[in-house]
Each structure stands twice: as C-alpha cells, then as structure tokens.
Amino acid sequence: MSPPDYFEVFYAINPWMKGDTPVDPGLAAVQWESLKNAMVERAGAQISLVPPVQGLPDLVFTANAAFVYQDRAILARFKNDERRPEEPHFKARLEDLGYTVLEPPVPFEGAGDALIYDNRLVLAGYRQRTEVSAHQLISSTFDLPVLSLELHTEHFYHVDTCLCPLEGGHLLYYPGAFDEYGLKVIEANVPEEKRLTVTAQEARNFACNAVQVGKSVFLNQPSARLVEALKRRGFEAIGLDLSEFLKAGGSAKCLTLRLY
Ligand code: ARG
C-alpha cells in the first residue's frame with residue numbers, strides 16, 4: 001500500500017475523476033488507515049509500504065504497480081502520461097522487496113488488469129488501459145493461461161473494477177462491464193454455483209473492487225444483499241467507507257497489491 005499523503009484529483013483519466021466535489025485530504029487519510037487497520041486486525045495481513053511522492057496523486061493505487069507472481073513482477077507501463085512517472089517508484093520498491101522486475105513494451109496496468117483466479121488462470125482485461133498483447137507476456141513469463149476479457153465501458157476501465165476472484169474458485173463480477181464474448185469466457189471457466197454477480201448499482205459502488213484475505217472480504221459499503229450472498233459462500237464482508245478514493249475511480253482493491 002502507499003499512504004495518501006499526496007492523494008488528490010487534479011487530472012481526469014477516467015469518468016469518476018470528472019466529479020466536482022474535491023477530495024477531503026483528512027478524510028482520505030482516515031479512510032485509508034481504516035482499510036489498512038481492518039486488514040491487519042481482522043485478517044492478520046502484513047503490509048509493506050511504498051513511500052508517497054508529491055505530484056503523483058494516483059500512486060496510492062498500488063494495484064496498478066505490477067502483476068506479481070512467485071518471485072517476479074511485470075511492472076506497469078501506464079497508458080496515460082500522468083501516471084508514467086509512478087513506474088520507477090514502483091520498480092525500485094519491488095526490487096527492494098526482492099522481485100525480479102520485467103518491463104512490458106506496451107501499455108499494461110498491473111494487477112488492476114490481471115487477476116489470478118483459483119490458482120490456475122489469469123483473468124485479464126484490455127482495451128481501456130492495457131493492450132491485449134501484454135497478456136501474452138503474462139502467459140509466457142509465468143506459464144499461466146490467460147483469458148482476455150474486453151472491457152467495453154469507460155466506468156469499468158480496469159478489470160478489478162468489475163471482477164474479483166475469491167478463494168475457493170468463487171468469482172464476484174458485474175456482467176454489464178463485459179461484452180457477450182467475455183461473459184461466455186467467464187461462464188465457460190467458472191462453474192455456475194461459484195459465480196456471484198452484482199447489480200449495476202452495487203458495481204457503481206465498487207462492490208467488485210474488493211480485497212479478500214482469508215475469509216474476510218474488505219470493500220466499500222456493500223449492500224445487505226451482497227453481505228448475505230458472500231456469507232452464504234463462507235465469506236465475511238467487511239464494509240468500509242472509501243468515498244474519497246471513489247472520486248478518483250478506485251476503492252479497496254485498487255489501494256492494495258497482493259504480494260506472493
Ligand atoms: N485514478 C486512477 C486511474 O485512473 C485510479 C486507478 C484505480 N486502480 C485500479 N486498480 N482500478 O488510473
């Protein structure tokens with residue numbers, strides 16, 4: 001994670017950033033701490049930090065830093081120039097942590113666009129940010145099959161805004177973010193009883209941008225329906241208020257990068 005000391009919204013690279021209520025920095029700091037503390041206290045997570053950097057407001061969204069698996073990391077190559085200066089900071093920190101860092105030749109936004117499902121395959125998004133050809137680099141580097149899912153709406157511009165693999169082969173997702181072919185790919189690879197879809201309203205509240213640690217699922221203000229649906233599958237939903245980060249188009253999952 002990376003503390004939100006310099007978090008604000010002063011450019012707009014996704015539709016959520018076009019709102020007119022400015023970020024409240026004090027509230028953002030409290031909300032970020034509440035996510036970090038909840039993961040540590042409720043689920044025993046261990047957290048490593050990336051130092052914040054003035055002028056890089058989106059560095060808080062460490063999900064985008066890289067796709068990390070085993071001892072290697074494929075670093076982000078951001079599509080938008082506004083975020084490209086984050087790359088050397090993420091690279092240095094990953095190297096400090098002992099990862100071998102690979103740099104992709106095309107736009108690729110890390111674990112924002114590539115998620116490991118059921119320890120056996122990668123569900124990866126493309127079109128809004130990541131180039132589909134980056135997916136090949138994941139499969140050739142890690143020997144993991146990659147299923148490419150086209151993201152066809154501007155609001156759900158990273159795959160982690162509309163899809164979340166959970167332990168045990170469960171999959172939380174918002175069907176409205178995918179095209180017909182993407183939905184077929186999901187249905188062909190995830191058994192029906194493991195699929196948990198969210199409504200448009202839940203999706204706009206970043207229900208799919210959840211962090212799972214053990215049986216706990218941390219997310220922004222879940223609906224009662226979703227809390228219950230997760231419970232039936234053996235998960236405890238832990239709702240947080242991450243309103244300030246939603247103003248930049250991110251929530252719980254975007255604020256974290258899982259390290260293996
Ligand atoms: N403002 C950031 C961007 O548009 C938010 C990134 C959210 N991260 C994520 N993994 N979905 O790039």
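Since we're looking at a predicted model, the values are computed, not measured. Both counts, for ligands and for their atoms, begin at 1 and track the order of listing. Note that these values count all heavy atoms, side chains included, but never hydrogens, waters or copies made by symmetry.
Judged as a salt bridge (charged side-chain N to carboxylate O under 4.0 Å, His left out), and not counting sequence neighbours, the contacts of Asp118 are Arg120. Take Phe67 and apply the ring pair (Phe, Tyr, Trp, His ring centres under 6.0 Å) test, not counting sequence neighbours, and it matches Phe142.
A donor-acceptor contact under 3.5 angstrom links the side chains of Gln212 and Glu167, judged on distance only. Remark: the His158 side chain and the Gln128 side chain contain no N/O donor-acceptor pair separated by less than 3.5 Å.
Within 4.0 Å of ligand 1, protein heavy atoms belong to Ile13, Asn14, Met17, Asp58, Phe61, Ala63, Asn64, Arg83, Gly112, Arg129, Tyr157, His158, Asp160, Thr161, Ala248, Gly249, Cys254, listed by chain and number.
Exactly one of Asn220, Asn209, Asp160, Thr161 qualifies for a side chain to side chain donor-acceptor pair (under 3.5 Å) with Lys253. That residue is Asp160.
Here side chain to side chain donor-acceptor pair (under 3.5 Å) pairs that include residues 14-25, with residues two or more places apart or in two chains, are Asn14-Tyr157.
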